[in-house]
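A quick write-up on the structure given underneath.
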Amino acid sequence: MSTLETLSFDNAFARLPDAFYTRLPPDPLPDPYLVAASPAAAALIGLDATELARPEFAQVFAGNRLLPGSEPLAAVYSGHQFGVWAGQLGDGRAHLLGEVSGADSGWEIQLKGAGQTPYSRFADGRAVLRSSIREFLCSEAMAALGIPTTRALSVVGSHAPVRREAIETAAVVARLAPSFIRFGSFEHWAARNKPAELRQLADYVIDRFRPECREAANPYAALLADVGRRTGETIAKWQAVGFMHGVMNTDNMSILGLTLDYGPFGFMDAFDAGHICNHSDDRGRYSYRSQPQIGHWNLYALGSALAALIGEPDAVQATIEESYAPSFEGHFMDLMRAKLGLARALPGDEDFIGETFGLLQQQHPDYTQFFRRLGELPAQVDEATRTAADAPLRDLVIDRDGLDAWLALWRARLGAEGRPDAERQAAMRAVNPKYVLRNWIAEAAIRAAQGGNFTEVENVLACLAKPFDEQPEFERFAAPPPDWAAGLAVSCSS
Ligand code: AMP
Ligand code: MG
């Protein structure tokens, strides 16, 4: 285990030529204080958990004190925002400190909100406490749900004012990922017609993260296929758990298939396939139901950027079609079968899963509660006790006859497997979380933190570290939005 002073850096990304980034130190924040830190994330980089409480920790992860061996830099990238080419973007408020070799492999540490960079355009390089707590909590919650994601080590706050719709205060999130390279990092060089840099970046990703692609006949097509498969898997996991990324722009799409850049994300409360989690997304480009299609669109943006490397004109399209959709659909079907308590794949499952979403769309039950409660129901009921047995689920809907009809189909499908109830129920509990980061939960923790009380952030972090476990002390976090949260909206403001 390391201390802050003994963390050792090996900055592979900084060994790429200067064209890929600008070296510059973070901008100090006055009087930084620790809001929260994740012991699980600290373990990834081998940082001793007792280090999190040191005053130096807040100084370091506010960007005020540089760790020996770090080489801070901001990376350049471009991208498509809301379907439109946006040109050069880049780390406008993120500083990569370097890469720490951790328990498994290398973890880059990045500070988000640590001041302006050459890529800040007209913005201030800062992030507010509100959005930083959301990113911190959600990164760690997603990891605990088994969804590929960047991680978050800490949130550090300061009284420094930041102007958004209102004046708020500044914060910095320390994020961890093997790499923060985005689809837009490749689009950047393709748009500038710089094939040498494009190749250099692709080679960097292959050599460091996907060496198996080197063995393929066309390594760059193999890389695209890898990204397609992983992106399909990640988005399938989002959909199954009811997570929505609010800004699926290509600059927010990780080349490693990680969930990246938490801004106006959401978890589904009452199910609605048309739900738009980002108040700034007025056309609903990134609605729940659109996300799989957008993943596909984004892969085409990446594919056209890589086309010059891949060479054969038809190969880009073929690679995407053979990787993304089959991966998404295969994972999504497997995940939904598991959520429904089905251990085997049978013909007709696709129709049944379609019926399930039809029911959810008609009745709008709370998505998380629906599956969690379904998992407790018996596979067999007699007519005399059925309504009592099914009451926990029937209480979530208005049209109970509609639900009863669907439950009859579900029971018939379970009957085709004959798994013992206890085994199936345990399996369902292990895949249907009881706790997800609902907006109201994040908001309650944020309001407390804005008032100087960080225990609720700690509580939410602790609860969401075990999303599948019953945790009676945190029962309140399993609830759908209370009345005060009815009008909550999250936007791109961060
Ligand atoms: P996002 O929509 O948050 O992914 O950000 C899109 C682009 O805007 C990225 O290049 C960000 O670095 C940049 N950006 C967003 N907010 C700020 C900010 N407050 N200061 C500087 N750059 C920002
Ligand atoms: Mg972004």
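Numbering of ligands and ligand atoms starts at 1, following listing order. Numbers for residues simply follow the sequence, beginning at 1.
- On a distance-only criterion, R126 and ligand 1 share at least one N/O pair closer than 3.5 Å.
- Residue D124 has at least one N or O atom closer than 3.5 Å to an N or O atom of ligand 1.
- By the criterion of a heavy-atom distance under 4.0 Å, neither the backbone nor the side chain of R163 is placed next to ligand 1.
- Classification of E456 and R476 as a salt-bridged pair holds, one side-chain N sitting under 4.0 Å from a carboxylate O.
- The pair R192-E197 does not count as a salt bridge, with every side-chain nitrogen at least 4.0 angstrom from each carboxylate oxygen.
- In this pair, F267 and F265 present their aromatic rings perpendicular. The plane angle is above 60°, beyond the 30 to 60° band.
- For a threshold of 3.5 Å applied to N or O pairs, the pair formed by G92 and ligand 1 contains at least one separation below that value.
- Using a cut-off of 4.0 Å between Lys/Arg side-chain N and Asp/Glu carboxylate O, R93 and D27 are scored as not salt-bridged.
- Residue G263 places every heavy atom at 4.0 Å or more from ligand 1.
- Of the protein's non-hydrogen atoms, R93 NH2, 3.8 Å is the one closest to atom 3 (O) of ligand 1.
- Looking at R121 next to ligand 1, an N or O pair under 3.5 Å apart turns up.
- The N, O or S atom of D261 lying closest to the Mg ion (ligand 2) is OD2.
- Atom 18 (C) of ligand 1 has A123 CB, 3.4 Å as its closest protein atom, hydrogens excluded (heavy atom only).
- In this structure, E233 does not pair ionically with R229, as no charged nitrogen and carboxylate oxygen lie closer than 4.0 Å.
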Exercise. Can you check side-chain hydrogen bond (donor to acceptor under 3.5 Å, both in side chains) on H80 and E187, steps first, answer last?
Worked result: CA-CA 9 Å; H80 282 86; E187 289 178 275; 2.6 Å; yes
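- Neither the backbone nor the side chain of Y119 has a heavy atom within less than 4.0 Å of ligand 1.
- Comment: D203 engages R214 in a salt bridge, judged by a side-chain N to carboxylate O separation of less than 4.0 angstrom.
- Distance from atom 2 (O) of ligand 1 to its nearest protein heavy atom, with residue and atom name: N252 ND2, 4.3 Å.
- Using a 4.0 Å cut-off between charged side-chain N and carboxylate O, D269 and R438 make a salt bridge.
- Under 4.0 Å from ligand 1, not a single heavy atom of N249 appears.
- Between W189 and F20, the ring centre distance stays below 6.0 Å.
- Nearest to atom 5 (O) of ligand 1 among the protein's heavy atoms is D251 OD2, 4.5 Å.
- Side-chain atoms of S154 never come within 3.5 Å of backbone atoms of V156 as a donor-acceptor pair (strictly under, hydrogens ignored).
- Nearest protein heavy-atom contact of atom 11 (C) of ligand 1 is G90 O, 3.9 Å.
- At a heavy-atom distance under 4.0 Å, no atom of Q116 approaches ligand 1.
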